[in-house]
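Written below as C-alpha cells is the structure these notes are about.
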Amino acid sequence: MSKYQFLNRDLSWLSFNKRVLEVATNPDLPLYERIKFLAIYSSNLDEFYRVRVGTYKRFTELPPEDKKNLRENPDTILKKINAEVDRQQIEFGKIFRDNIIPELRENNIILLQDEILCEEHHQFVKDFFLENLLPHAQPMLLLKQQVKPFLQNNSIYLAVKLYKRGQKKEEDDGTSKKRRARYAIIKVPCHHFPRFIELPEIDGKHFIMFLDDIVKLRMKMLFPGYKIDSSFSFKLSRDADLLIEDEYSGDLIDMIERSLKKRETGSPSRFLYDESIPKGFLRFLKGSFDLLPNDMVKGGRYHNFQDFFGFPNPKYPDLELEPYHPLNVEELKGETKSIFRTIRKKDRILHFPYQSYKYVIRFLNEAALDPKVEEIKATQYRVADNSAVVNALINAAHNGKKVTVFVEVKARFDEEANLRSAREMRKAGIKIIYSIPGLKVHAKIALVIRKDDKRDYAFLSTGNFNEKTARIYADHGFMTSDKVMIQELKQLFDYLENKTPGYTFNKLLVGQFNLKRELIRLIDQEIENVKNGKKGYILLKMNGLQEREMIHKLYEASEKGVKIDLILRGICCLKPEQSYSKNIRIIRIVDQFLEHARVFYFHNNGKELLYLSSADWMNRNLQRRIECAFPIHNADIKKEIIHIIKLQLADNVSARYLNCNLDNIPVERLDGEPKVRSQIAIAEFLKEKEKTFKEKESVKNRTKTQ
C-alpha cells in the first residue's frame with residue numbers, strides 16, 4: 001500500500017463551497033454582494049447534487065462484489081457528504097437570519113416572514129393571489145400507493161396536511177390506518193412569477209415577501225371544505241448526468257438530444273425538506289415518492305436560494321458593488337489600427353475581466369473582413385447567448401471565408417446552447433464538427449489562415465470563447481503569430497477534423513498526445529535540479545487537482561526538496577501538512593471574480609518556463625479530453641503574468657490556506673503589513689500599466705512634433 005494519502009474530491013469541493021459561503025459574512029462587502037454569494041453557494045450545491053451525488057447514488061446500487069473494486073465506498077462517502085452539507089446548511093441559516101435579514105432591516109428593507117400584515121399589505125397579497133397565482137397554484141392530493149405526482153426537478157413545493165371541516169383531528173403516527181388527515185402538495189409557481197414579490201412601500205420602508213409565503217397565506221382558498229393543519233416546503237433535485245461521454249456507437253447528436261429530454265426526469269439525488277416537519281409527515285412523503293434514506297437532506301424553511309440572484313433592491317445602486325468596467329488596452333486601441341499588424345510586431349496578452357474582451361471580438365471581426373484571410377478555425381465549448389463570437393464567425397462565412405468550428409456538444413448544462421449555435425452556424429455555411437466519441441475537446445483555440453501571406457494568426461485562451469462569462473471569469477487570452485505554434489495548431493485542427501494520428505507537438509502541450517508526459521518531465525527536471533544542489537520551484541494555478549499520478553509526482557518532488565505553491569480554487573485531492581507534502585503550500589482565492597486561469601510555472605534553474613493552459617489536473621482533463629497548454633516566450637508577457645501570480649501568492653484578504661482537514665485557514669497578516677486583496681491589486685497594476693503606456697506615447701508624440 002502506498003504511503004501517500006489523498007483527499008476525497010467531493011469533500012474537497014464542499015470545502016470550496018464552504019469558502020463561498022464564508023464570503024457572505026464579509027462585512028467589507030456591500031450587502032447585496034453578500035446576498036449574491038448566498039445565491040452562488042446555493043446554485044453550486046444544486047449542481048453538485050445533480051451531478052456528483054447522482055453518480056454516487058448509481059454506485060450504491062452496484063452489487064457488493066463490484067463495490068469492492070471502487071477506491072472508496074459510495075455509501076460511506078454519501079454519509080460524509082450529507083453530514084457536511086447539514087453543517088453548512090446550519091451555517092447558511094445563521095448567516096441568513098442573523099446577518100442578512102437584520103442588515104436589510106437597518107436599510108428599511110423588510111423581508112416579511114412571520115409578521116402580521118397590515119391592512120394594505122393584506123389586501124395586496126389577497127389581490128395578487130387571486131389575480132395572478134390562483135390559476136397556477138393547483139393542489140394535488142397525495143393518496144399513498146395510488147396517486148404519485150411527478151416532482152419536477154428543483155421546483156419548490158409545499159406539502160400540506162389538512163382535515164375535512166367538522167372532522168375531529170387525530171394524531172398522525174405515519175402508519176395508522178385510522179388516520180383522518182389528508183395530504184396534498186402545491187407547486188410554488190416560480191416559473192411564472194419572481195420568487196420575491198415587492199409589496200407597497202409604507203413610510204419610506206420597503207417590504208418584500210417570498211412567493212412561497214404568499215401561497216401559504218392564501219392556500220385555504222385552494223382547499224374549500226378543509227381545515228389546514230400545517231404546511232412545509234420541500235424540493236427534489238434529479239440526477240443530471242447524461243452518461244454519454246464514453247459512447248462510441250450510433251449518432252452522438254441524436255443520443256445527446258434524447259438524453260437531454262431525460263435530464264429533468266432523472267432519478268432523485270436529493271430530497272431537501274424543512275427540518276421542522278414532523279417525523280410522521282416526513283415518513284408519509286418519503287413513502288409517497290419512493291425515496292431512499294440517502295435521498296433525504298435536511299434544510300431550512302426556504303429552498304432554492306439561487307433565486308437571490310434576483311432579490312430586488314429598491315435602493316439600487318446603493319448596497320451593491322460598483323460594476324467593474326474593463327480597461328481598454330492602449331496598444332490594441334483604435335478601430336483603424338489593424339489588430340493583426342499589432343500582433344505581428346509581438347505577441348499580446350489579455351487578462352479578463354480586468355481588460356476588455358472586445359479585442360477578441362475585433363480579432364475575429366477583422367479576420368471576417370480581411371480580404372487576405374482565407375480560412376478561420378475555432379473550437380467552442382460554452383457559448384454565450386446571442387454570441388458576438390458566433391456572429392463574427394457567421395459574418396466570415398458570409399464574406400466567403402472557409403470557416404470550421406469544432407463544437408463540443410457534451411459540455412455539461414450547455415449542450416442545448418451549443419447545439420443551437422451549431423445549427424445557426426451550419427445554416428450560414430460554416431463547417432461544423434461535432435464531438436469526438438469518448439473524448440471532450442476542451443482546448444480554447446482559434447486560428448486565422450491568410451493566403452499569399454507569410455503570417456497566420458492565433459488566439460489561445462485559458463477560458464471559453466464567451467464574452468459574457470469573460471466579465472466575471474478571471475482568465476488569460478494570448479494572441480500570436482509564432483510560426484511554430486501556428487503550425488502545431490494546424491496539426492491539432494487537422495486531428496480534430498480528420499482524426500489523423502502520428503502528430504508530434506514540441507511547443508504546444510496537447511492532451512492525448514504529450515501534455516501529461518511533458519508535465520511529468522518538467523517536474524522531474526525540478527527534482528533533478530535540487531539533486532544537483534540547485535533551486536527547485538514549481539507554481540501551479542488551477543481550478544482542480546485530482547489526477548493521482550500527477551499528485552504522486554508532486555509528493556515525490558516535495559520529498560526531494562522542491563518547493564511547490566498551488567493556487568487551487570476548487571477540488572484538491574492532494575493532502576497537505578504530511579511528511580511527504582511538507583514543501584507544498586495550497587492557497588484558495590474566492591473573491592468578486594471567479595478564478596479560472598490555469599498557469600504552470602517551473603523555475604528551470606533560472607530559465608523560467610511558463611505555460612498557460614485550458615487544462616486542470618483532473619482525471620477528465622488529463623485522460624479524456626483534448627486540452628492545450630501553450631508556452632509564453634515573450635519576456636515582457638512572462639514577467640507580467642508572474643507578477644500577477646505573485647500578487648495572488650501575497651493575498652492576505654481573500655486568500656485562504658487549505659489544511660489537511662480541508663479547512664480554509666485565513667492568511668495571517670503581521671502587524672503593520674498592508675492588506676493585499678489580489679484581484680484589486682491586479683486591477684490597479686494593469687491600470688497603472690495603461691497609464692504608463694499613455695505617458696510614454698504622449699512623450700513620443702511630442703518628440704515627433706518638435
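FYI, side chains are in, hydrogens and waters are out, and symmetry mates aren't considered; it's all heavy atoms of this structure. On a predicted model such as this, the values are computed, not experimentally measured, just so you know.
Aromatic rings from F630 and F478 are positioned such that their centres are separated by under 6.0 Å. Remark: aromatic rings of H136 and F193 are close, center separation under 6.0 Å. Here Y354 and F685 keep their ring centres 6.0 angstrom or further from each other. Taking the centre of each ring, F593 and F352 stay at or above the 6.0 Å mark.
Ionic pairing of K490 and D456 is present here: one or more N-O contacts between side-chain nitrogen and carboxylate oxygen are shorter than 4.0 angstrom. Using a cutoff of 4.0 Å between basic side-chain nitrogens and carboxylate oxygens, E424 and R426 are not scored as salt-bridged. Of the charged side-chain nitrogens involved, at least one lies within less than 4.0 Å of a carboxylate oxygen, so that E497 and K431 count as a salt-bridged pair. We find that K346 and D482 are not joined by a salt bridge, their nearest charged nitrogen and carboxylate oxygen being 4.0 Å or further apart. Of the charged side-chain nitrogens involved, none lies within less than 4.0 Å of a carboxylate oxygen, so that K444 and D475 do not count as a salt-bridged pair. A salt bridge does not link K687 to E690: none of the charged side-chain nitrogens sits closer than 4.0 Å to a carboxylate oxygen.
Annotation: side chain of N365 is not in contact with side chain of R362 (no heavy-atom distance under 4.5 Å). Here the side chains of F210 and D307 are not in contact, with every heavy-atom distance at 4.5 Å or above. In this structure, F128 and L133 have side chains that are in contact, with non-hydrogen atoms separated by less than 4.5 Å. Inter-residue side-chain proximity for F513 and L508 is flagged as unmet; no heavy-atom pair is nearer than 4.5 Å. A 4.5 Å side-chain heavy-atom check between R34 and V23 finds every atom pair outside the cut-off. Contact of the I632 side chain with the Y611 side chain is not registered, since no non-hydrogen atoms from C-beta on lie closer than 4.5 Å. With a 4.5 Å cut-off on side-chain heavy atoms, V390 and Q380 count as touching. Side-chain atoms of K541 and F600, non-hydrogen and from C-beta on, never get closer than 4.5 Å to each other.
Side-chain contact annotation: T462 with R598, donor-acceptor N/O pair under 3.5 Å absent. In this model, no donor atom of one side chain and acceptor atom of the other lie less than 3.5 Å apart for T342 and E331. Under the 3.5 Å distance criterion, with hydrogens and angles disregarded, a donor-acceptor pair is assigned to the side chains of E640 and H351. Counted by atom type alone, N395 and K401 present zero donor-acceptor pairs between their side chains at under 3.5 Å. E595 and Q679 form a side-chain donor-acceptor contact under 3.5 Å, judged by distance and modelled atom types alone. For the residue pair S237 and N154, a side-chain donor N or O sits within less than 3.5 Å of a side-chain acceptor on the partner. For the residue pair Y457 and R344, a side-chain donor N or O sits within less than 3.5 Å of a side-chain acceptor on the partner. A donor-acceptor contact closer than 3.5 angstrom is absent between the side chains of E408 and T379. In summary, the side chains of N634 and D347 do not present any donor paired with an acceptor at a separation below 3.5 Å, with no hydrogens or angles considered.
D239 places no side-chain N or O within 3.5 Å of a backbone atom of S269 that could act as its donor or acceptor partner. Under the 3.5 Å distance criterion, the side-chain polar atoms of E366 are matched with a main-chain donor or acceptor of I339. A distance-only check finds no donor-acceptor pair linking the side chain of H442 to the backbone of Y381 [under 3.5 Å]. A distance-only check finds no donor-acceptor pair linking the side chain of S155 to the backbone of L151 [under 3.5 Å]. Checked by atom type and distance alone, the side chain of R238 never pairs as donor or acceptor with a backbone atom of R50 at under 3.5 Å. With K235 contributing its side chain and Y157 its backbone, the two residues share no donor-acceptor pair below 3.5 Å. Side-chain atoms of Y32 come within 3.5 Å of backbone N or O of P312 as a donor-acceptor pair. E330 places no side-chain N or O within 3.5 Å of a backbone atom of K694 that could act as its donor or acceptor partner. The closest donor-acceptor contact from the side chain of K468 to the backbone of D385 lies under 3.5 Å. Although no hydrogens or angles enter the test, the distance criterion places no donor-acceptor pair under 3.5 Å between the side chain of N621 and the main chain of W617.
For the atom pair CD1 (I343) and OH (Y359), the distance works out to 13.0 Å, reported to the nearest 0.5 Å. Taken to the nearest 0.5 Å, the CG atom of L496 stands 6.5 Å off from the CD1 atom of I445.
In this pair, Y302 and F305 present their aromatic rings perpendicular. The plane angle is above 60°, beyond the 30 to 60° band.
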Inset, instruction - May I have the step-by-step check of side-chain contact (heavy atoms from CB on, under 4.5 Å) for V405 and Y434, ending in yes or no? - result: CA-CA 9 Å; V405 180; Y434 290 111; over 6 Å; no
Inset, instruction - In sequence, state the C-alpha distance, the side-chain angles, and the governing distance for R569 and N543, and then conclude on side chain to side chain donor-acceptor pair (under 3.5 Å). - result: CA-CA 5 Å; R569 187 191 79 220; N543 301 320; 3.0 Å; yes
Legend entry - Test log, rule side-chain contact (heavy atoms from CB on, under 4.5 Å), inputs L447 and I376: CA-CA 6 Å; L447 186 58; I376 303 171; over 6 Å; no
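Shortest non-hydrogen contact noted between A428 and H398 is CB-NE2, 3.8 Å.
Of the residues Y41, F196, F37, the one that meets the ring pair (Phe, Tyr, Trp, His ring centres under 6.0 Å) test with F308 is F196. Here the rule is salt bridge (Lys or Arg N to Asp or Glu O under 4.0 Å) with D370, and of R341, K451, R450 only R450 fits it.
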